Protein chains: 2
Amino acid sequence: MARYQVILAYDGTLFEGSQRQANSRTVQGDFEKALRKVGWSGSSVLIAGRTDTGVHATGQVAAFDLDWSHAETELVNALNAYLPADVAVREARVTRDDFHPRFDATSRRYRYRLFCQPVRDPLREKLAWRTWPTVDGECLVQTAALLMGTHDFAAFGSPTTPKGTTVRTVIKAEWQSVSADEWQFEVQADAFLYRMVRRLVFVQVAVAQGKASTEAVARSLAEQAQGPRKVDLPSGLAPAHGLTLVEVTY
Amino acid sequence: MARYQVILAYDGTLFEGSQRQANSRTVQGDFEKALRKVGWSGSSVLIAGRTDTGVHATGQVAAFDLDWSHAETELVNALNAYLPADVAVREARVTRDDFHPRFDATSRRYRYRLFCQPVRDPLREKLAWRTWPTVDGECLVQTAALLMGTHDFAAFGSPTTPKGTTVRTVIKAEWQSVSADEWQFEVQADAFLYRMVRRLVFVQVAVAQGKASTEAVARSLAEQAQGPRKVDLPSGLAPAHGLTLVEVTY
């Protein structure tokens with residue numbers, strides 16, 4: 001018996017999130033079903049990051065204990081043979097016995113994709129948020145710079161434990177232009193609040209569409225340190241289907 | 001009553017091709033249903049390029065006669081409101097009364113996407129062909145160069161009419177590296193043989209994986225001019241889901 005660490009990729013479209021729930025199709029549920037086919041008899045796998053309904057992953061991390069006498073690549077192949085088409089194991093390796101994918105993580109990295117078009121675009125809008133009017137790219141870049149560092153992000157999400165801290169440290173917040181009408185946001189932090197990435201994207205896009213000011217974002221981050229929250233930011237979330245969990249670091 | 005020319009985009013995954021067929025879900029079928037909702041009473045729309053089951057489009061062209069008293073953008077919005085999520089009208093405009101999207105076309109441009117990975121990748125493999133081993137990029141570029149110009153492409157497809165010519169003129173054939181493991185082929189020609197793009201991609205990838213030679217491709221194009229076809233190329237087709245009809249020019 002050894003503890004294995006695997007990297008999971010999934011198209012979140014048809015999953016009700018990553019965490020197992022009764023009567024819902026979840027990534028954890030499908031993954032545990034495949035694991036049982038290769039001899040796993042545990043009660044629950046450990047998963048690094050909770051992803052909401054519709055959110056994708058290319059670098060989700062899971063861990064479990066398994067008695068497996070073949071090579072690690074054979075485990076990848078065996079699990080992929082049992083997993084449905086929208087989820088796959090990308091890598092598997094033996095790790096230390098007390099490895100915990102969530103508590104041991106030092107950072108998480110997410111990517112959010114969006115494009116600006118007034119009409120529907122069936123090929124792109126499954127994995128990216130279509131928004132209109134177009135965004136001011138310079139403005140996205142400037143707003144993202146404000147997020148860097150340690151701040152109280154209470155205006156951008158809820159704590160992940162009751163009464164938990166809303167202070168997080170953002171170590172990367174970068175917008176890249178992918179094509180004439182397409183943008184990609186990469187954000188990495190020690191940890192994220194509940195729905196924080198989708199909220200960050202929504203607010204930055206609102207600013208870049210002239211619906212909110214960069215100053216309001218700066219103020220919302222500064223105010224938290226000084227007292228009660230006075231939100232003057234537009235409320236809302238960027239849709240789940242533009243978001244992908246890309247990497248968890250240890 | 002005026003003739004309208006529209007640009008259609010669709011995710012071909014759940015369609016049995018572009019052309020209407022009884023008892024199958026097709027792009028033409030769904031598009032004609034939406035057109036009837038805005039008052040169209042014709043028997044059949046005209047479509048520029050036939051796409052196979054699973055093939056996508058961002059620039060398919062269709063034409064039809066319609067009595068429409070509002071702006072062209074209103075027609076786009078009205079049709080998109082009735083069309084299902086995987087097909088959309090991107091543009092609509094009035095054209096000349098005898099415009100025919102297929103017979104008037106001067107060229108078609110397709111894009112084929114592939115990536116090289118040994119294991120499944122749920123987020124990418126819906127719209128790109130996953131192949132392994134990896135391809136030699138230099139080799140793809142060299143093989144594509146052979147396709148340029150006017151050749152008898154009999155080794156790469158069937159004529160679109162019985163006993164029709166298999167001579168076509170390729171005006172663009174270009175591989176681009178999109179990321180470390182991802183490639184994109186753009187090919188434009190006056191017209192294409194049946195399944196020609198998927199066959200061209202399959203053969204070029206075989207060459208770039210060391211399973212066939214560049215010389216065999218050169219020979220297959222030269223031989224046709226000199227007499228009976230002697231095929232020494234690997235047989236097969238790249239899968240439909242990597243292919244997109246990008247543009248039809250007039």
Side-chain angles (χ1 to χ4, degrees), chain A residues 6-15 27 30-31 34 51 54-60 72-92 111 113 115 117-128 130 132 178-179 181 184 241-246, chain B residues 6-15 27 30-31 34 51 54-60 72-92 111 113 115 117-128 130 132 178-179 181 184 241-246:
Chain A
V6 299
I7 296 180
L8 291 177
Y10 47 86
D11 177 339
T13 311
L14 302 176
F15 287 106
V27 176
D30 278 18
F31 184 62
T51 57
V55 173
H56 318 289
T58 58
Q60 177 68 282
E72 289 159 343
T73 54
E74 292 302 310
L75 180 58
V76 172
N77 294 339
L79 288 170
N80 282 337
Y82 291 120
L83 285 167
D86 48 1
V87 51
V89 175
R90 302 190 65 184
E91 284 178 43
R111 181 178 300 148
R113 296 173 63 189
F115 66 103
Q117 278 294 334
V119 290
R120 295 203 280 111
D121 187 334
L123 279 175
R124 289 199 286 173
E125 67 194 23
K126 280 188 179 169
L127 301 179
R130 179 171 69 78
W132 191 252
V178 178
S179 68
D181 66 351
Q184 190 171 285
H241 67 266
L243 183 61
T244 303
L245 170 59
V246 173
Chain B
V6 299
I7 296 181
L8 291 177
Y10 46 87
D11 176 339
T13 311
L14 302 176
F15 287 106
V27 175
D30 278 18
F31 183 63
T51 56
V55 173
H56 318 289
T58 58
Q60 176 70 278
E72 290 159 343
T73 54
E74 292 302 311
L75 181 58
V76 172
N77 294 339
L79 287 169
N80 283 336
Y82 292 120
L83 285 167
D86 48 0
V87 52
V89 175
R90 302 189 65 185
E91 284 178 43
R111 182 177 300 149
R113 295 173 63 190
F115 66 102
Q117 278 293 334
V119 290
R120 294 202 281 110
D121 187 335
L123 278 175
R124 289 199 286 174
E125 68 194 21
K126 280 189 180 168
L127 300 178
R130 179 172 68 77
W132 190 253
V178 178
S179 67
D181 65 352
Q184 190 170 287
H241 67 267
L243 184 61
T244 304
L245 172 58
V246 173

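Sequence lines set the chain letters: A, B, ... in the order given, protein chains first and strands last, and positions in each chain run from 1. Keep in mind it's a predicted model, so treat the numbers as computed, not measured.
Contacts of Thr13(A) with chain B are absent, with no heavy-atom separation under 4.5 Å from either backbone or side chain. The contact between Val76(A) and chain B is made entirely by side chain atoms (from C-beta outward), counting heavy-atom distances below 4.5 Å.
Listed options Thr73(B), Thr58(B), Leu83(B) were ranked by heavy-atom pairs under 4.5 angstrom with chain A; first place goes to Leu83(B). Ranked by heavy-atom pairs under 4.5 Å with chain A, the first of Asp121(B), Asn80(B), Thr244(B) is Asn80(B). Of all the listed residues (Pro84(B), Pro118(B), Ala88(B)), the one sharing the greatest number of non-hydrogen pairs under 4.5 Å with chain A is Ala88(B).
Residues passing the side-chain contact (heavy atoms from CB on, under 4.5 Å) test with Leu127(A), sequence neighbours excluded: His56(A), Arg113(A), Leu123(B). In this structure, the side-chain contact (heavy atoms from CB on, under 4.5 Å) partners of Glu74(B), at least two apart in sequence or on a different chain, are Trp68(B), His70(B), Ala71(B), Asn77(B).
Taking every heavy atom of both residues into account, Pro122(A) and Ala9(B) meet most closely at CG-O, 3.5 Å.
The CZ atom of Arg120(B) lies 8.5 Å from the CG atom of Asp86(A); values are rounded to the nearest 0.5 Å.
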